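First the structure, in the form of structure tokens, and then the observations on it.
Reminder, nothing fancy here: chain letters follow the sequence lines and each chain counts from 1. This is a predicted model, so every value here is computed, not measured. Atoms considered below: every heavy atom in the structure, side chains included; atoms not considered: hydrogens, waters and symmetry mates.
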2 protein chains.
Amino acid sequence: MSESTGGTRQRIQAVALELFTEQGYEKTSLREIAERLNVTKAALYYHFKSKDEIVSSFADDRLRRMDELIAWAAEQPATLATRRTLIGRYADSMFAGELPKVMRFFEQNQTLLKSLVVGQQMRDRMMRLAGELSRGDESPAAQLRAALTLFAVHSSWFAVRAPGVTDEERKKIALEVADELLARIGDGD
Amino acid sequence: MSESTGGTRQRIQAVALELFTEQGYEKTSLREIAERLNVTKAALYYHFKSKDEIVSSFADDRLRRMDELIAWAAEQPATLATRRTLIGRYADSMFAGELPKVMRFFEQNQTLLKSLVVGQQMRDRMMRLAGELSRGDESPAAQLRAALTLFAVHSSWFAVRAPGVTDEERKKIALEVADELLARIGDGD
DNA sequence: GTCTATAAAGGGATAGAC
DNA sequence: GTCTATCCCTTTATAGAC
């Protein structure tokens, strides 16, 4: 209860995430975030000790979930069934709650993957996830297919431009295409 | 001949493109670019009237090539053969000369696609290209496959992590995976 | 927990000498 | 074609009052 001081911290996170995603992290100033919330910059610094700590604050949760997913995958056999379940679980997390927003933020701010520590961690988790999806087939084509599978889930948000498509339908389409790609992994022998 | 004053303009373009891609457009200052070239900021402003004009200067050429490609595709029948030739030509341009560097720049600076005019133009061309790739099959799945096809060509640069892979091999792998995706477009009837 | 005020630095861009 | 010098603005971040 000692943390629920009106939820200002959460409001800062929400506004920052939105502006960082739409305009870019570098182009969004703390002044702009503060103005949207009708507070001052100094108030922001009470809740976060720097600009990039705001990013870490909402990315850490996402990192934890990815770690869980990767750990689970590492214990499974490298079969098509495992890969399908893995991408299915990943898609579930990408279409639930606030997590897709965080992933969209990183997609829009690719250069942060290099300059911020939390960005490097996110990059690392994505590569590990792709590694699990192609485990058992070390061919270059398999690596590409694994990466595209993840991108299929992400890009279903914007690549499917038809009007009136629900989230559930987007997920279904993404998994349909992903399954086709996964089916081609590991059949080289 | 009146423009060949030592190629300073080209050197500025090359350094800017590299730094913009590696660190991000917003994070790279004109001072930093000038220092790398051992000139002053004012010298940069003799060649380009603003920071974003540097971007336009190397993006315009890329835009022209994409326009040509889109115009060509629009005249062809919406068949699998056309789609395969189209993605093949696109891959050729992505693996030749300086063009891939420009595309990597835009990938790393996604937010510029919104804020810069030339970015909006590039975004528009990519969507048109995807449109040509899925023309004749307006299903959401076809749109997703078309987008993934383009991404397959782009991502072959970083998703294929095996050492010692040549550009030619990357292209071949990308087109192999792209062809599988394209084969699923337009067979809904 | 939020404020005012300010420090310290760096950004893009321009004027005018050479 | 490049320089020095400078303008004006915004940025992140901090100090200290309330």
Side-chain angles (χ1 to χ4, degrees), chain A residues 1-59 105 108-109 111-112 114-119, chain B residues 1-59 105 108-109 111-112 114-119:
Chain A
M1 300 293 181
S2 66
E3 300 177 22
S4 86
T5 58
T8 304
R9 188 184 154 94
Q10 278 80 5
R11 289 172 63 228
I12 294 171
Q13 287 177 321
V15 168
L17 180 53
E18 183 188 334
L19 291 178
F20 287 167
T21 303
E22 279 183 20
Q23 313 177 336
Y25 174 80
E26 309 285 349
K27 220 178 188 180
T28 303
S29 67
L30 297 179
R31 177 190 54 73
E32 198 175 355
I33 297 172
E35 275 177 6
R36 274 247 198 154
L37 293 165
N38 282 313
V39 294
T40 61
K41 274 195 295 175
L44 265 53
Y45 277 97
Y46 171 80
H47 293 280
F48 301 96
K49 74 169 194 287
S50 69
K51 188 181 180 182
D52 64 71
E53 212 210 62
I54 301 179
V55 175
S56 323
S57 76
F58 54 63
F105 159 78
Q108 292 290 314
N109 294 276
T111 55
L112 287 189
K114 291 178 185 168
S115 60
L116 257 57
V117 173
V118 68
Chain B
M1 299 293 179
S2 65
E3 300 177 22
S4 87
T5 57
T8 304
R9 188 186 155 92
Q10 279 79 5
R11 289 174 63 230
I12 294 171
Q13 287 176 320
V15 168
L17 181 53
E18 184 188 335
L19 292 179
F20 287 165
T21 303
E22 280 182 19
Q23 313 178 337
Y25 175 79
E26 308 287 349
K27 221 179 185 179
T28 304
S29 67
L30 297 178
R31 178 191 53 75
E32 196 174 357
I33 296 172
E35 274 177 7
R36 274 248 195 152
L37 293 164
N38 281 315
V39 295
T40 59
K41 273 195 296 176
L44 265 51
Y45 276 96
Y46 171 80
H47 293 281
F48 302 95
K49 76 169 191 288
S50 69
K51 188 182 182 182
D52 64 72
E53 213 209 61
I54 303 180
V55 175
S56 322
S57 76
F58 55 63
F105 159 78
Q108 292 291 314
N109 293 275
T111 55
L112 287 189
K114 291 177 186 171
S115 61
L116 256 59
V117 173
V118 69

_Nearest heavy atom decides the nucleotide; on that basis, is A:L30 or B:Y46 closer to the 5' end of DNA chain D?_
B:Y46
*asked:* How long is the straight-line distance from NE2 of B:H47 back to CD1 of B:I54, given to the nearest 0.5 Å?
replied: 10.5 Å
*Might you work through the side-chain contact (heavy atoms from CB on, under 4.5 Å) test for B:K51 and B:F20, ending with a clear yes or no?*
CA-CA 11 Å; B:K51 188 182 182 182; B:F20 287 165; 4.0 Å; yes
*Grab the OH-C1' distance between A:Y45 and C:dA7 for me, whole Å please.*
13 Å
*Enclosure of B:K114 NZ (heavy-atom neighbours >12, cutoff 6.0 Å)*: yes
*Where each residue is assigned the nucleotide of DNA chain D containing its nearest heavy atom, which of B:K41 and A:K49 is assigned the position nearer the 5′ end?*
B:K41
*Below 4.0 Å: OP1/OP2 of C:dG10 and any side-chain N or O of B:S29*: no
*In terms of side-chain geometry, is the basic nitrogen of B:R31 or B:E35 positioned less than 4.0 Å from the acidic oxygen of its partner?*
yes
*Over how many whole Å does the gap from B:I54 atom CD1 to C:dG11 atom P extend?*
14 Å
*asked:* Please confirm whether the shortest side-chain N or O distance from B:T40 to OP1 or OP2 of D:dT2 is below 4.0 Å.
replied: no
_Interatomic spacing from OG1 in A:T8 to CG in A:L44 - rounded to 0.5 Å_ = 10.0 Å
*asked:* Can you see if the side chain of B:R31 gets near the phosphate of C:dG11 - specifically, an N or O under 4.0 Å from OP1 or OP2?
replied: yes
*For the side chain of A:K51, starting at C-beta, report the closest nucleotide among D:dT14, D:dT12, C:dA15.*
D:dT12
*asked:* Output the rounded distance in Å from NE2 (A:H47) to P (D:dA13).
replied: 16 Å
*Closest nucleotide among D:dT2, C:dC3, C:dA15 to the B:T8 side chain*: D:dT2
_If I take atom CG in residue B:L44 and atom P in nucleotide C:dA13, what distance separates them, rounded to the nearest angstrom?_
11 Å
*In whole Å, what is the span from the CD atom of A:E26 to the P atom of C:dG10?*
15 Å
*NZ of B:K27 versus P of C:dG12: gap in Å, rounded?*
14 Å
_Between D:dT11 (C1') and A:Y25 (OH): distance, integer Å_ = 12 Å
*Identify whether any heavy atom of B:N38 sits under 4.0 Å from a base atom; if not, whether one sits that close to sugar-phosphate; answer base, sugar-phosphate or nothing.*
sugar-phosphate
*Value in whole Å for how far the P atom of C:dC3 lies from CG of A:L37*: 10 Å
